[in-house]
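Notes follow the structure.
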2 protein chains.
Amino acid sequence: MSITTASRVLNGSKHPVSEKTRARVLAAAEELNYQPSALARALVTRNSRIIGVIVGSIVDPYFAEIARGVEDVAGRMGYLTMVCNADRHTEAELAHLQTLRDYRAAGVVFASSGYADDEHGGELAHAVADLSERGSTVVALAQRDFECLHAVVDNHAAAYDITDYVASLGHRRIAFVDGPAGLYTSALRRDGFEAAMRDAGLDPTLCFEGGFEYEAGYNAALRIMAAGPLPDAVVGVNDEVAIGVMSGLRQARVDVPAQVSIAGIDDTRPARFVELTTVSVPLYELGAVAARAILARSGDEQRPQPNVLLPHRLTPRNTTARRPR
Amino acid sequence: MSITTASRVLNGSKHPVSEKTRARVLAAAEELNYQPSALARALVTRNSRIIGVIVGSIVDPYFAEIARGVEDVAGRMGYLTMVCNADRHTEAELAHLQTLRDYRAAGVVFASSGYADDEHGGELAHAVADLSERGSTVVALAQRDFECLHAVVDNHAAAYDITDYVASLGHRRIAFVDGPAGLYTSALRRDGFEAAMRDAGLDPTLCFEGGFEYEAGYNAALRIMAAGPLPDAVVGVNDEVAIGVMSGLRQARVDVPAQVSIAGIDDTRPARFVELTTVSVPLYELGAVAARAILARSGDEQRPQPNVLLPHRLTPRNTTARRPR
DNA sequence: TTGTAGGCGTTATCAT
DNA sequence: ATGATAACGCCTACAA
């Protein structure tokens with residue numbers, strides 16, 4: 001019973017092995033509580049069973065849901081998912097990419113959007129190309145300026161739909177709280193808002209600077225209240241911001257939704273907590289799709305996969321109300 | 001210029017190397033965009049720069065904050081943090097532990113509490129011991145029945161303090177919504193609640209089954225309302241549950257805090273969104289402490305480290321009010 | 001069907 | 001100060 005034979009049965013090689021020896025090997029492995037070294041295996045195979053998920057912020061429920069999607073399907077196949085926090089810095093993404101490359105990750109998932117005019121964009125594109133050449137599958141879950149599989153939702157349409165819905169409630173003065181400057185997702189959603197406003201014959205210029213976090217929304221609420229008469233409604237670039245706005249308004253004794261309606265985008269868990277009107281984005285599914293793509297490619301040959309666009313859905317809840325007239 | 005020499009300068013060995021050759025190696029490495037294989041290195045050193053964080057639920061903000069703490073300090077030192085989701089199943093923890101062992105993780109952090117009378121407890125203790133012997137540092141951030149470094153907060157006291165505070169507001173009928181059955185943290189907090197109630201001369205038996213998630217709180221709210229006259233206040237085993245209760249109550253047109261006061265424990269991000277009265281638990285710091293312990297041990301020798309108890313702090317906000325009399 | 005030899009990319013040991 | 005050589009634990013030809 002040689003090492004080779006043992007290796008063959010333990011790693012499911014298709015090389016023929018007699019039933020008796022197979023059984024003996026299995027028995028011995030069980031007996032010794034033997035586990036093959038993932039390290040050595042990855043070293044020779046040039047491919048580990050690690051999947052990296054690079055997120056913009058580990059505490060953001062948006063990314064948590066995506067990570068869960070990846071982890072669920074990857075874990076079922078014996079893959080290890082590592083969630084890497086980049087704090088929305090391209091340089092941090094670069095560093096994580098480096099490490100992931102060092103471990104010959106089977107794939108890496110870019111969960112967050114890229115920046116327009118990113119000064120490290122070239123470097124990143126280069127690193128991604130390098131990674132792909134080495135056999136890792138990379139997939140992006142939002143707009144990115146490098147070549148890879150994209151699985152996304154239509155952010156422009158999502159913002160359009162929620163804005164259109166709010167307008168349909170009879171609101172005229174509708175404000176928008178923007179996301180982080182330069183991020184594609186921010187721009188896409190703002191554009192969607194503006195398009196919907198124009199199509200409804202409303203003024204699309206009531207935009208406030210924001211971010212993706214609760215605090216950004218809270219601060220925006222302060223500026224909104226200082227900027228003149230209250231708007232009829234405000235659409236946040238995402239749920240956290242919308243909740244932050246609501247929190248700021250309510251603290252100032254503004255009644256939501258009686259005085260001001262509020263809506264977000266994403267339908268993350270906190271949105272359900274506060275019964276926020278929003279648009280549901282299939283976050284979990286986005287992650288699952290990414291994981292499946294990686295598993296498919298690392299199993300079979302490198303057959304190229306088609307990009308995918310997942311559907312979103314308007315989800316009215318209790319933070320919006322019809323405008324009294 | 002041999003491989004050996006190159007290796008020596010590239011990995012900061014303390015073996016002497018002349019300045020000239022050192023420079024030449026560095027230049028060549030830069031030139032070729034060379035990166036040492038983390039896999040090969042880990043294979044021979046029997047220690048990778050991977051830290052595993054096993055969490056009870058990846059979407060739970062409680063764990064997100066802890067993961068951030070670990071990731072922040074580990075990332076700064078070039079370590080890779082992998083967040084593994086166990087869905088609160090000991091078996092899943094076992095599986096992750098297996099994988100982490102295969103990759104010779106530098107350390108693993110158990111972020112969630114263990115179960116009393118866990119049927120897989122023995123197995124887990126065994127796996128942990130095995131891991132420790134192989135040189136990995138394991139640290140638990142809540143009560144666990146295996147030998148390892150513990151960095152925790154006093155859950156009993158945290159629950160006592162928040163209950164005591166609520167009672168001090170004049171409330172008499174105070175309900176408690178419990179956490180997952182069998183979990184040490186649940187029991188500790190419930191005990192803290194009961195102790196505070198008794199010390200305040202109040203009835204500590206108004207407990208409802210719950211969980212750690214929003215939905216559990218929401219469902220508990222329904223049962224609370226069906227169980228007779230509304231309580232003066234309710235203390236949730238954690239913030240999510242407290243918010244769920246609040247959501248359920250408000251949906252039934254119960255005014256919080258005018259009719260019922262509500263408080264949680266943990267001070268996770270959503271708690272700030274809704275201005276929940278709670279007790280702040282140093283989640284980020286818990287993770288940071290764990291990471292530092294792992295880094296310390298994998299750098300120097302295995303000097304044993306002392307367990308640590310981190311302080312919590314009462315954080316009154318707007319979901320509790322003094323009882324009208 | 002089974003076994004042998006070579007190599008994956010490092011670090012560690014022992015010369016030189 | 002530098003270099004050859006042997007592991008680390010596995011997989012994949014290539015023989016037998």
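In what follows, chains carry the letters A, B, and so on, assigned in the order in which the sequence lines appear, proteins first and then strands, with residues in each chain numbered from 1.
Remark: the backbone N or O of A:Pro180 is paired with a side-chain donor or acceptor of A:Ser186 at under 3.5 angstrom.
The salt bridge (charged side-chain N to carboxylate O under 4.0 Å, His left out) pairs that include a residue from residues 69-86 of chain B number zero, where partners must be two or more places apart or lie in different chains. Pairs of residues two or more places apart, or lying in two chains, that qualify as salt bridge (charged side-chain N to carboxylate O under 4.0 Å, His left out) and include a residue from residues 88-111 of chain A are A:Asp60-A:Arg88, A:Glu93-A:Arg144, A:Arg101-A:Asp130. A salt bridge (charged side-chain N to carboxylate O under 4.0 Å, His left out) check over residues 31-53 of chain B, counting only residues at least two apart or in different chains, returns nothing. Identified under the side chain to side chain donor-acceptor pair (under 3.5 Å) test for residues 4-22 of chain A, with sequence neighbours left out: A:Ser2-A:Thr5, A:Ser18-A:Thr21.
Applying the side-chain hydrogen bond (donor to acceptor under 3.5 Å, both in side chains) test to B:Asn85 and every residue at least two apart in sequence or in another chain returns nothing. By the ring-ring contact (aromatic ring centres under 6.0 Å, His included) test, B:Phe110 pairs with B:Phe146, sequence neighbours left out. Applying the side-chain contact (heavy atoms from CB on, under 4.5 Å) criterion to A:Ala64, with sequence neighbours excluded, gives B:Val59. Annotation: salt bridge (charged side-chain N to carboxylate O under 4.0 Å, His left out) contacts of A:Glu213 (sequence neighbours excluded): none. Evaluation of the side-chain contact (heavy atoms from CB on, under 4.5 Å) rule for B:Ala95 yields no partner, not counting sequence neighbours.
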For this session: Produce a footprint string for nucleotides 7-16 of chain C: one letter per nucleotide, 5' end first; B if the base is under 4.0 Å from any protein heavy atom, S if only the sugar-phosphate is, - if neither.
Result: BBBBBBB---
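Taking the 5' to 3' direction, DNA chain D first and last meets chain B under 4.0 angstrom from a heavy atom at D:dA1 to D:dG9.
Note on the helix from C:dT1-D:dA16 to C:dT16-D:dA1: terminal axis deviation equals 40°, with five pairs used at each end and the result rounded to 10°.
Contact check, A:Thr5 against C:dG3: a side-chain N or O comes under 4.0 Å of OP1 or OP2.
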